[in-house]
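Being a predicted model, the structure only gives us computed values, none of them experimental.
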Amino acid sequence: MVEAGSNSRLTGGCRCGAVRYESDRPVHAAICHCEDCRRSSGAPMVGWMGVAAGSFRITKGDPRIWSSNGQARRHFCATCGTGLIYLNEALIPGIVDVQIATLDDPTMVAPDIQVQVAERLPWSAHIHALPIFDRYPD
């Protein structure tokens, strides 16, 4: 696993491969429970790694950008719709938040905090108590 502060280079991209990126080590990694992340991803929470803006670059393609409020900008693949990065200079200056699950090897970065838990879906606090299956149950 790439620990915050290590010198390992990370690569990733969208589902269809039209957009690719690379970055240096994360400075933080978190699970976000905010409504904006939920509505943008269609998922109950999103894993993010924050990297220094100067260490992140798009190596292939040209992601689309969408902003709901003029400050936060979400970048996604216009072909397959995969959400990739989040920029918000007012909230996290100098940081590019990258969706961890878009890494070529998402096991390389593990979140170490949860943020925006005031907005989390009530049932997600107990998700660990649900029955688990290796594959979809019969």
Side-chain angles (χ1 to χ4, degrees):
M1 183 176 334
V2 176
E3 298 294 330
S6 77
N7 290 322
S8 297
R9 199 86 176 129
L10 299 169
T11 60
C14 67
R15 176 69 177 102
C16 73
V19 180
R20 300 282 304 153
Y21 64 81
E22 67 179 21
S23 76
D24 286 342
R25 65 196 179 273
V27 295
H28 68 261
I31 296 291
C32 184
H33 293 275
C34 80
E35 181 182 2
D36 190 46
C37 282
R38 284 198 315 271
R39 294 183 59 85
S40 295
S41 68
M45 61 200 77
V46 178
W48 295 100
M49 66 174 198
V51 299
S55 75
F56 178 87
R57 73 182 184 102
I58 299 291
T59 58
K60 179 183 175 191
D62 189 21
R64 279 263 173 91
I65 301 170
W66 183 79
S67 177
S68 64
N69 63 11
Q71 287 185 330
R73 295 179 321 227
R74 292 183 180 275
H75 296 225
F76 61 96
C77 176
T79 303
C80 68
T82 301
L84 297 163
I85 67 173
Y86 172 89
L87 300 172
N88 187 333
E89 281 297 314
L91 183 63
I92 48 173
I95 297 292
V96 176
D97 258 353
V98 181
Q99 289 194 29
I100 293 171
T102 67
L103 288 168
D104 292 335
D105 183 358
T107 66
M108 295 296 292
V109 176
D112 50 11
I113 62 170
Q114 296 184 62
V115 297
Q116 304 296 78
V117 294
E119 297 179 40
R120 112 177 125 189
L121 295 171
W123 55 260
S124 70
H126 307 287
I127 201 165
H128 65 280
L130 295 175
I132 60 172
F133 301 89
D134 287 338
R135 301 281 183 244
Y136 205 89
D138 292 331

- Hydrophobic cluster membership, Val96 vs Met108, 4.5 Å side-chain cutoff: yes
- Message: Side chains of Leu84 and Tyr86, heavy atoms from C-beta outward: is any pair under 4.5 Å?
- Response: no
- Contact summary for Ser23 and Met49, nearest pair of heavy atoms: OG-CE, 3.7 Å
- Query: Less than 4.5 Å apart, any side-chain heavy atom of Gln116 and any of Cys37?
  - Reply: no
- Item | salt bridge (charged side-chain N to carboxylate O under 4.0 Å, His left out): pairs with one or both residues in residues 126-138, sequence neighbours excluded | none
- Please check if Ile58 and Phe76 belong to a single hydrophobic cluster, counting links between Ile, Leu, Val, Met, Phe, Trp and Tyr side chain heavy atoms closer than 4.5 Å. no
- Residue pair His28 / Ile113, side-chain heavy-atom distance below 4.5 Å: no
- Is there a side-chain contact between Gln71 and Leu91, using heavy atoms and a 4.5 Å cut-off? no
- Query: Side chains of Pro111 and Ile100: does their closest heavy-atom pair fall under 4.5 Å?
  - Reply: yes
- Checking Thr102 side chain against Gly13 main chain: does a donor-acceptor pair fall under 3.5 Å? no
- Query: Distance from Leu10 atom CG to Asp24 atom CG, nearest 0.5 Å?
  - Reply: 8.0 Å
- Item | Asn88 side, atom CG; Asp97 side, atom CG - distance, nearest 0.5 Å | 9.5 Å
- Message: I want to check something: taking the side chain as every heavy atom from C-beta on, are Asp104 and Arg20 in contact at a cut-off of under 4.5 Å?
- Response: yes
- Message: I'd like to know if Val27 and Ile92 are part of one continuous hydrophobic network [Ile/Leu/Val/Met/Phe/Trp/Tyr, side-chain heavy atoms within less than 4.5 Å].
- Response: yes
- Message: Check whether Thr82 reaches the backbone of Arg15 with its side chain - one donor and one acceptor, N or O, closer than 3.5 Å.
- Response: yes
- Note on the structure: Of all heavy-atom pairs linking Cys80 and Cys16, the shortest is SG-N, 3.6 Å
- Item | Transitive ILVMFWY cluster of Met45, excluding itself - 4.5 Å side-chain cut-off | Ile31
- Message: Please list all pairs meeting salt bridge (charged side-chain N to carboxylate O under 4.0 Å, His left out) that have one or both residues in residues 66-95, counting only residues at least two apart or in different chains.
- Response: Asp36-Arg74
- Item | Within residues 47-72 or reaching into it, pairs that qualify as salt bridge (charged side-chain N to carboxylate O under 4.0 Å, His left out) - sequence neighbours excluded | Glu22-Arg57
- Taking the side chain as every heavy atom from C-beta outward, state whether Pro93 and Ile95 have any atom pair closer than 4.5 Å. no
- Can you name the closest pair of heavy atoms from Ala29 and Ala110 and give their distance? CB-O, 3.7 Å
- Note on the structure: Between Val51 and Pro26 the two heavy atoms that sit nearest each other are CG1-CA, 3.8 Å
- Message: Are the side chains of Ile85 and Tyr21 in contact, using a 4.5 Å heavy-atom criterion?
- Response: no
Output a table of donor-acceptor pairs, distance under 3.5 Å, between side-chain atoms of residues 117-133 and any protein atom two or more places apart or on a different chain; print 'none' if there are none.
{"unit_1": "Glu119", "atom_1": "OE1", "unit_2": "Glu35", "atom_2": "N", "d": "2.8"}
{"unit_1": "Ser124", "atom_1": "OG", "unit_2": "Leu121", "atom_2": "O", "d": "2.8"}

- Query: Can you list every side chain to side chain donor-acceptor pair (under 3.5 Å) pair that touches residues 41-55, not counting sequence neighbours?
  - Reply: none
